[in-house]
*Asks:* 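Before anything else, here's the structure in question.
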Amino acid sequence: MAIERTLSIIKPDATRRNLTGKINQRFEDAGLRIVAQKRIQLTPSQAEGFYAVHKERAFFNDLCTFMTSGPVVVQVLEGEDAIAKNREVMGATNPAQADEGTIRKDFAEDIEANSVHGSDAPETAAEEIAYFFSGLELVG
Ligand code: GDP
């Protein structure tokens, strides 16, 4: 298996409830290393740019409003098969459908305020990491 990097975001519903440490523990327990991390407040245009792929979806405006409603923690996770492994640790988009023991099952409030984002493929991971981090900020 290849060592990969993936972009993770701890979303505003989770930072508001002080869940950053508990969520990071899930990543580390799964063998993912946090090789970059920063807490930021997204502007509307930064949120819209990040989610541009969803701009035709009915929930786009709500999603961007939610993502700017408080601070987020953007981070890069590294490990074997990190993209798929992170998606597994996160659980399904809708917490009602997420498996037991996943972050979204345990912490998400609903399908929108679902606590975490994780890249879904190598190409998007590379783009999303570059959206928030320079190479100098990634320390493996
Ligand atoms: P993900 O890859 O599991 O995060 O899911 P998607 O890429 O499909 O959606 C991106 C994000 O949009 C999700 O994580 C949710 O925060 C939000 N989202 C997805 N589906 C819905 C929906 O039906 N309604 C609302 N309000 N938000 C949604």
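Start at 1 and go down the list; that is how both ligands and their atoms are numbered. Please read these numbers as outputs of a predicted model, since none were measured by experiment.
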*Asks:* Less than 3.5 Å between some nitrogen or oxygen of R57 and one of ligand 1, yes or no?
*Replies:*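 Looking only at distances, the answer is no, because the N/O contact criterion of under 3.5 Å is not met.
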*Asks:* Salt bridge check: are E109 and R17 linked by an N-O gap of less than 4.0 Å?
*Replies:*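 Salt bridge: yes.
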*Asks:* To which residues is L138 joined in a hydrophobic cluster, defined by side-chain heavy-atom contacts under 4.5 Å among Ile, Leu, Val, Met, Phe, Trp and Tyr, whether direct or through other members?
*Replies:*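 Same cluster as L138: L7, I9, V35, I40, L42, F50, Y51, F59, F60, L63, F66, M67, V72, V74, V76, I129, Y131, F132, F133.
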*Asks:* Answer with yes or no whether the side chains of N86 and T6 bring together a donor and an acceptor at under 3.5 Å.
*Replies:*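 Looking only at side-chain atoms, N86 and T6 do not form any donor-acceptor pair under 3.5 Å.
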*Asks:* Is the number of heavy atoms from other residues, nucleotides or ligands under 6.0 Å of D99 CG greater than 12?
*Replies:*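 No.
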*Asks:* Compare F66, F59, Y51 and give the one whose heavy atom is closest to atom 21 (C) of ligand 1.
*Replies:*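 The residue whose heavy atom sits nearest atom 21 (C) of ligand 1 is F59.
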*Asks:* Tell me the protein heavy atom at minimum distance from atom 2 (O) of ligand 1, and give that distance in Å.
*Replies:*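 Result for atom 2 (O) of ligand 1: R87 NH1, 2.9 Å.
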*Asks:* Which atoms of ligand 1 have any heavy atom of N114 under 4.0 Å away?
*Replies:*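 Numbered from 1, ligand 1 contributes 13 (C), 14 (O), 15 (C), 16 (O).
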*Asks:* Tell me the protein heavy atom at minimum distance from atom 16 (O) of ligand 1, and give that distance in Å.
*Replies:*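 Atom 16 (O) of ligand 1 sits closest to the protein heavy atom E112 O, 2.8 Å.
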*Asks:* Could you establish whether M67 and ligand 1 come within less than 4.0 Å of each other, counting only heavy atoms on the residue side?
*Replies:*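 No.
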*Asks:* Record the part of H54 in heavy-atom contact with ligand 1 below 4.0 Å; permitted values are side chain, backbone, both and neither.
*Replies:*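 Side chain only; the backbone of H54 stays clear of ligand 1.
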*Asks:* Around R33, counting heavy atoms of other residues, nucleotides and ligands shown, do more than 12 lie under 6.0 Å from its CZ?
*Replies:*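 Count not over threshold, so no.
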*Asks:* State yes or no: do I83 and V89 share one hydrophobic cluster built from I, L, V, M, F, W and Y residues joined by side-chain heavy-atom distances below 4.5 Å, directly or via other members?
*Replies:*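 No, no single cluster joins them.
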*Asks:* Taking T15's backbone N and O only, do any of them form a donor-acceptor pair with R39's side chain (distance below 3.5 Å, no angle check)?
*Replies:*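 No: the side chain of R39 does not pair with the backbone of T15.
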*Asks:* When you look for heavy atoms under 4.0 Å from ligand 1, do you find them on the side chain of D62, its backbone, both, or neither?
*Replies:*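 Neither part.
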*Asks:* So S8 and Q75, do their side chains get closer than 4.5 Å, heavy atoms only?
*Replies:*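 Yes - at least one pair of side-chain heavy atoms lies under 4.5 Å apart.
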*Asks:* Tell me whether ligand 1 is touched by D120 - counting only heavy atoms on the residue side and a distance under 4.0 Å.
*Replies:*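 False for this residue.
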*Asks:* When you measure from atom 3 (O) of ligand 1 to every protein heavy atom, which one gives the shortest distance, and what is it?
*Replies:*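 Protein heavy atom at minimum distance: T93 OG1, 2.5 Å.
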*Asks:* Provide the number and element of each atom of ligand 1 under 4.0 Å from a heavy atom of R104.
*Replies:*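 Every atom of ligand 1 under 4.0 Å from some heavy atom of R104: 1 (P), 3 (O), 4 (O), 14 (O).
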*Asks:* Do any heavy atoms of K11 fall under 4.0 Å from ligand 1?
*Replies:*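 K11: in contact with ligand 1 (<4.0 Å).
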*Asks:* Using only atom types and a distance under 3.5 Å, with no angle test, would you say the side chain of Q46 pairs donor to acceptor with the backbone of T43?
*Replies:*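 Pair found, side chain donor or acceptor close to backbone of T43.
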*Asks:* Pick, from I111, I9, L63, D13, the option with the minimum heavy-atom distance to atom 11 (C) of ligand 1.
*Replies:*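 Answer by nearest heavy atom: L63.
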